[in-house]
Amino acid sequence: MPGDIVFMGPPGSGKGTQAQKLVREKGWVQLSTGDLFRAHIEAGTELGKRVKPILDAGTYVPDDITIEMVRHRLRDVPKGTRVIFDGFPRTIVQAKAVDSLLAEFGRRLDGVIYLDVPHEELIDRVVKRGKQEGRSDDIARVIVKRLDVYGLNTRPLLEHYKQRSMLREVNGTGTVEEIAKRLAAAAEAEWSR
Ligand code: ADP
């Protein structure tokens, strides 16, 4: 039975696009904390009202709120179905929470895939997405902030997973199809350590 996988990568690296593709093709479940927050904002829930200014500023939602939302979502996932965590964990506290959450639900983590994209390309991609999708945090000023916040809080997690021999790096440049092939290969290769 496959374990769960974490997709890591800076804003604009294509995690969400690729996770959605794998969900369609393999029947896996995408758990995107960004999408979950946006759904709350859209629905006008208390949580949505609380996190909207945070997303608009490009900073991180507090760990306890994020972790509780993930716990809630995990309750609905059938045991034999692989989850792709997209945008979670983003802090060391969240990385620790992943271990306890998975234990709580009788799940296990196979490993972490890092989608590597050069910095200049990230800004181009996100600006384009902002124009197409109208995401309120995809404007140049907020993107620079998000990349900073990522570098400061999330990048160090790569080292955390590398030390545990759990990290695989995938080249995130090229066409969506090319990247998808590399990712599927990385996700489906044996994870035994
Ligand atoms: P991106 O990876 O392009 O920044 P996401 O949709 O994953 O886009 O996240 C959008 C925003 O949602 C983040 O800037 C942050 O405010 C919030 N967010 C998403 N995931 C987390 C998380 N794990 N912890 C804290 N905040 C998060």
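This chain uses plain numbering: 1 for the first residue, then up along the sequence. Just follow the structure's listing: the first ligand is 1, and inside any ligand the first atom is 1.
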Trainee: Show the distances, to 0.1 Å, for all pairs joining an N/O atom of ligand 1 and a protein N/O atom that are shorter than 3.5 Å, listing one pair per line.
Mentor:
| unit_1 | atom_1 | unit_2 | atom_2 | d |
| --- | --- | --- | --- | --- |
| ligand 1 | 2 (O) | K15 | NZ | 3.0 |
| ligand 1 | 3 (O) | R129 | NH2 | 3.2 |
| ligand 1 | 3 (O) | R146 | NH2 | 2.8 |
| ligand 1 | 4 (O) | R146 | NE | 3.4 |
| ligand 1 | 4 (O) | R146 | NH2 | 3.3 |
| ligand 1 | 6 (O) | R38 | NH1 | 2.9 |
| ligand 1 | 6 (O) | R38 | NH2 | 2.8 |
| ligand 1 | 7 (O) | R90 | NH2 | 2.4 |
| ligand 1 | 8 (O) | R135 | NH2 | 3.2 |
| ligand 1 | 9 (O) | R90 | NH2 | 3.2 |
| ligand 1 | 16 (O) | T59 | O | 2.6 |
| ligand 1 | 20 (N) | T33 | OG1 | 2.7 |
| ligand 1 | 20 (N) | G87 | O | 3.4 |
| ligand 1 | 20 (N) | R90 | NE | 3.1 |
| ligand 1 | 20 (N) | R90 | NH2 | 3.3 |
| ligand 1 | 23 (N) | G87 | O | 2.9 |
| ligand 1 | 23 (N) | Q94 | OE1 | 2.9 |
| ligand 1 | 24 (N) | Q94 | NE2 | 2.9 |
| ligand 1 | 26 (N) | V61 | N | 3.1 |

Trainee: Please check if atom CZ in R50 has more than 12 non-hydrogen atoms from other residues, nucleotides or ligands closer than 6.0 Å.
Mentor: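 Incorrect, the count does not exceed 12.
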
Trainee: Please confirm whether the backbone N or O of G87 pairs with a side-chain atom of T33, one donor and one acceptor, at under 3.5 Å?
Mentor: yes

Trainee: Just checking, R168 and W191: is the charged tip under 6.0 Å from the six-membered ring centre and within 45° of the axis?
Mentor: yes

Trainee: Do we see a donor-acceptor contact under 3.5 Å between the side chains of Y60 and T66?
Mentor: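 The answer is no; no qualifying pair exists.
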
Trainee: For D4, which of R107, K79, R108 qualifies under salt bridge (charged side-chain N to carboxylate O under 4.0 Å, His left out)?
Mentor: R107

Trainee: Could you report the tightest heavy-atom contact between I54 and V61, atom names first, then the distance?
Mentor: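 Minimum heavy-atom contact is CG2-N, 3.7 Å.
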
